[in-house]
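The analysis underlying the following values was restricted to heavy atoms, covering all of them including side chains, and did not include hydrogens, waters or symmetry mates. Note that the structure is a prediction, hence the values are computed from the model and not measured.
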Amino acid sequence: QVQLVESGGGLVQAGGSLRLSCAATDRTLSTYAMAWFRQTRGQEREFVAAISWNGGGVAYADSVKGRFTVSKDNANTVDLQMDSLKSEDTGVYYCAARRPLHPGVYRERDEYPYWGPGTQVTVSS
């Protein structure tokens, strides 16, 4: 079982910033494709951002382009820098991982077998 844990969530005012991190207890993140998804109560879990196994490729949902940045800071952490936060960004943010079959990114929820427990992000207005 691949173990992931998110951190960095919290309460922030609209227009502010948060930086989420996803860490693995093993070497998973050095070889796995990664992504961030988020879910609001009563809503489907939606794609936010993804990064290829080597950090060379990234993808973003249209709703966060220009505001969020996904990166691999080292072999064992994946970060999501969130700037210019809006109330609509509120939700539980989940880190996901999978072994890649190609060097690019994966955007679909059902492509990820491994998930962290999530971290709450609340943006007040």
Side-chain angles (χ1 to χ4, degrees):
Q1 177 66 43
V2 175
Q3 294 181 300
L4 305 172
V5 61
E6 304 91 344
S7 63
L11 175 65
V12 65
Q13 295 283 343
S17 298
L18 284 174
R19 188 176 183 89
L20 306 184
S21 293
C22 176
T25 56
D26 55 20
R27 293 172 291 176
T28 296
L29 274 63
S30 68
T31 59
Y32 280 32
M34 307 291 297
W36 291 92
F37 292 77
R38 67 188 181 191
Q39 186 170 22
T40 301
R41 286 187 179 182
Q43 300 295 117
E44 180 180 331
R45 191 173 298 182
E46 66 177 358
F47 171 76
V48 175
I51 190 164
S52 62
W53 74 272
N54 64 357
V58 296
Y60 299 96
D62 288 342
S63 60
V64 306
K65 284 181 180 177
R67 300 188 298 117
F68 290 12
T69 304
V70 64
S71 63
K72 283 192 169 186
D73 289 342
N74 55 54
N76 291 316
T77 62
V78 174
D79 294 341
L80 184 69
Q81 177 67 42
M82 306 186 295
D83 298 319
S84 301
L85 283 162
K86 306 174 180 179
S87 295
E88 65 197 63
D89 295 317
T90 293
V92 178
Y93 282 68
Y94 298 90
C95 177
R98 65 159 290 145
R99 298 196 67 87
L101 300 178
H102 59 72
V105 298
Y106 295 83
R107 298 174 176 84
E108 302 297 326
R109 179 180 178 180
D110 61 6
E111 294 178 310
Y112 288 93
Y114 305 114
W115 296 82
T119 185
Q120 177 70 42
V121 171
T122 302
V123 184
S124 63
S125 61

Exercise. Salt bridge (Lys or Arg N to Asp or Glu O under 4.0 Å): which pairs involve residues 3-20, sequence neighbours left out?
Worked result: Arg19-Asp73, Arg19-Asp79
Problem set entry | Results of side chain to side chain donor-acceptor pair (under 3.5 Å) for Thr119 - residues two or more places apart only | none
For this session: Please collect all side chain to side chain donor-acceptor pair (under 3.5 Å) contacts where either partner lies in residues 85-95, sequence neighbours excluded, each pair once.
Result: Arg38-Asp89, Arg38-Tyr93, Arg67-Asp89, Ser87-Ser125
Exercise. Mind checking whether Leu18 and Val48 sit in one hydrophobic cluster, side chains of I, L, V, M, F, W, Y counted as touching below 4.5 Å?
Worked result: yes
For this session: Please report the closest heavy-atom contact between Leu80 and Ala49, naming both atoms and the distance.
Result: CD1-CB, 4.0 Å
Problem set entry | Inter-residue atom distance Tyr60.OH - Ile51.CD1, 0.5 Å rounding | 7.0 Å
For this session: Could you list the residues that satisfy side chain to side chain donor-acceptor pair (under 3.5 Å) with Thr122, not counting sequence neighbours?
Result: Gln120
For this session: With sequence neighbours left out, write down each residue that passes side chain to side chain donor-acceptor pair (under 3.5 Å) with Asp83, or none if nothing qualifies.
Result: Ser17, Gln81
Problem set entry | Residues in side chain to side chain donor-acceptor pair (under 3.5 Å) contact with Thr69, at least two apart in sequence or another chain | none
For this session: Determine the minimum heavy-atom distance between Ala59 and Val105, stating which atoms define it.
Result: CB-CG2, 3.8 Å
Problem set entry | Any residue meeting side-chain contact (heavy atoms from CB on, under 4.5 Å) with Ala24, in chain and number order, not counting sequence neighbours | Leu4, Asp26, Thr28, Leu29
Exercise. Considering all heavy atoms of both residues, which atom of Trp36 and which atom of Val78 are nearest to each other, and what is their separation?
Worked result: CZ2-O, 3.6 Å
Exercise. Are any non-hydrogen side-chain atoms of Arg45 and Trp115 less than 4.5 angstrom apart?
Worked result: yes
Exercise. What distance do Lys72 atom NZ and Ser30 atom OG have between them, rounded to the nearest 0.5 Å?
Worked result: 7.0 Å
Exercise. Apart from Val5 itself, which Ile, Leu, Val, Met, Phe, Trp or Tyr residues share its cluster (side-chain heavy atoms under 4.5 Å, direct or through members)?
Worked result: none
Exercise. Can you list the other members of the hydrophobic cluster that holds Trp53, where links are side-chain heavy atoms under 4.5 angstrom apart?
Worked result: none
Seminar exercise, completed: With sequence neighbours left out, the residues meeting ring pair (Phe, Tyr, Trp, His ring centres under 6.0 Å) with Tyr112 are Phe37
Seminar exercise, completed: salt bridge (Lys or Arg N to Asp or Glu O under 4.0 Å) pairs touching residues 108-125, sequence neighbours excluded, are none
Problem set entry | disulfide bond (SG atoms under 2.5 Å apart) contacts touching residues 81-125 (sequence neighbours left out) | Cys22-Cys95
